[in-house]
Number of protein chains: 2
Amino acid sequence: MTEMSRNSTQEGGQPGRIGIGLELDATHLKILEVLRENGRISVAALAERVGISRANAYTRFEALRADGAIKRFTAEIDHVRAGLGITALIFVTVRQQMWRQFRAQLAQMPEVEYCAITTGQHDAMIQVRVTDVAAVHTMVTDRLANIPAVKATETVFILDEVLRRPYVLPSDRGAGRSSRRPPADPAAGSARSTGPAGSAGPAGAAGPAGSTGSAGSAGSAGSVGAEVPLGMMRFVGAAEGRAQLQQDV
Amino acid sequence: MTEMSRNSTQEGGQPGRIGIGLELDATHLKILEVLRENGRISVAALAERVGISRANAYTRFEALRADGAIKRFTAEIDHVRAGLGITALIFVTVRQQMWRQFRAQLAQMPEVEYCAITTGQHDAMIQVRVTDVAAVHTMVTDRLANIPAVKATETVFILDEVLRRPYVLPSDRGAGRSSRRPPADPAAGSARSTGPAGSAGPAGAAGPAGSTGSAGSAGSAGSVGAEVPLGMMRFVGAAEGRAQLQQDV
DNA sequence: GTTGAAATTAGTACGAA
DNA sequence: TTCGTACTAATTTCAAC
């Protein structure tokens, strides 16, 4: 509940840009779909695959880039081939009000590929790629341990990466929307999470969903029973005082 | 120790290709470095930035692609702009010998962006992107719960994504290699993990490390103390019988 | 592994539907 | 808005060094 209006105004854009974002129609999504599979495709070929003229493709392509919907283009590489065969996840508990420092230290660690702030038992998850198991150990006990902001860590190794999609698109839904959507029993403290899930970072999405319906149904469909409906499902909310973290980060 | 020789022979390549992989020299890494930041750069411009001739750049570029070091090119998009503002991590405990089924089901779930098999308390971690919190709930209780292979789940929400590098390169090290590398105390049951960390999927890297030294030290430097060296560090090994999982997956 | 020239393709700008 | 065409600039390919 700290900053709900995060993406209803400009936020990540350069000064002067209209941060409200363009409405993505079906054609835009189609373009993204193609670009996700082949980021190096020429705009001419892109136009053909999407079924629009070249001029139109250039316009939309540029619009997506300018709007920030496309953040950048990148090459996906094989980490093993590149010599980084070990991947690990390190779950970090961060000392409150030291997030700024934690983030600064992260930037100094080139082996960190991904870092996300999470709800649940830990505060953050970082993914590292290194040459060998020993490097993980060095990283955790030697580097992370020396950061005052880090209170505790928990490390697991990644044995295999089963699936990696460049990113998910709203248009992907419909393919796997298997069984019926349950009638949605009313208010029940949506996901038991202590609020943050709906108020923090990437949340507050509903914004520019365009043609892809269903956005905005958040308030009407939450239905995580009070004490875990099915057998072994657990939704883990934020730890104590997490709200403060958002400010620092 | 199940299949250490994983990438010393061909493995991911098409039939007929020399799967041994090309040795990556400093120039190759430089190319990857540029491509990571700008996947749409022309080969001509790439050549200039790397400091080699056009023809050379084309040759190396093609070699990296053919070898599989570059898996594909993709566009990075802003999930919030695309209408998927909620990101969650679901940790899954999988019923043994049902991994094949689990993987098949995963392919049916378009909202899954990433799935990795891990050591530790759970067996897999999947990352999903959806429009609202309710969709996470639906996904977990309705879709995942209906997969017999899924024994239990634990869900956390991602509040913010602090850092996302397209990928990490061996050449990145050296920038953050802060303090001294510890003398590496000898055998100590490397990471306490029941073997898998060194034998499974992405492990067994040592292969084509090329100019970047230190690969291959895995066997000699493992040093995760028996019972957690510093204060609150935890290395979480594999659950019981994890070895079997590798076969199925 | 490099340079240079030819052929192709990409990117831009315009008017018309 | 979107399309189609013509123009300009760049990239890729292929040759010889």
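Letters A, B, ... are given to chains in the order of the sequence lines, protein chains preceding strands, and every chain is numbered from 1.
Looking at heavy atoms from C-beta onward, B:Glu76 lies in side-chain contact with B:Pro166 at the 4.5 angstrom threshold. Contact of the B:Ile90 side chain with the B:Leu144 side chain is registered, since non-hydrogen atoms from C-beta on lie closer than 4.5 Å.
No more than 12 heavy atoms of other residues, nucleotides or ligands sit less than 6.0 Å from atom NZ of B:Lys30.
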Criterion side-chain hydrogen bond (donor to acceptor under 3.5 Å, both in side chains) on B:Glu113 and B:His79, from CA distance to verdict: CA-CA 11 Å; B:Glu113 184 169 293; B:His79 301 94; 3.2 Å; yes
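In this structure, B:Leu89 CG and A:Met125 CE are separated by 5.0 Å, a value rounded to the nearest 0.5 Å.
Judged by closest nucleotide on DNA chain D, A:Asn56 is the one of A:Asn56 and B:Ile41 placed further toward the 5' end.
Running 5' to 3' along DNA chain D, contacts with non-hydrogen atoms of chain B at under 4.0 Å begin and end at D:dT11 to D:dT13.
The existence of a salt bridge linking A:Arg129 and A:Glu111 is excluded, since no basic side-chain nitrogen approaches an acidic carboxylate oxygen closer than 4.0 Å.
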Close N or O pairs between protein and nucleotides 8-12 of chain C (under 3.5 Å):
{"residue": "C:dA10", "atom": "OP1", "partner": "A:Ser42", "partner atom": "OG", "Å": "2.9"}
{"residue": "C:dG11", "atom": "OP2", "partner": "A:Tyr58", "partner atom": "OH", "Å": "2.6"}
{"residue": "C:dG11", "atom": "O5'", "partner": "A:Tyr58", "partner atom": "OH", "Å": "3.1"}
{"residue": "C:dG11", "atom": "O6", "partner": "A:Arg54", "partner atom": "NH2", "Å": "3.2"}

Anything under 3.5 Å between a donor and an acceptor, one on a side chain of residues 42-58 of chain B, the other on a protein residue two or more places apart or in another chain? List them.
{"residue": "B:Ser42", "atom": "OG", "partner": "B:Ala45", "partner atom": "N", "Å": "3.1"}
{"residue": "B:Ser53", "atom": "OG", "partner": "B:Asn56", "partner atom": "N", "Å": "3.3"}
{"residue": "B:Asn56", "atom": "OD1", "partner": "B:Arg60", "partner atom": "NE", "Å": "3.0"}

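With A:Val112 as the partner, the side-chain contact (heavy atoms from CB on, under 4.5 Å) test is satisfied by one option alone out of B:Val168, B:Asp172, B:Leu163: B:Leu163.
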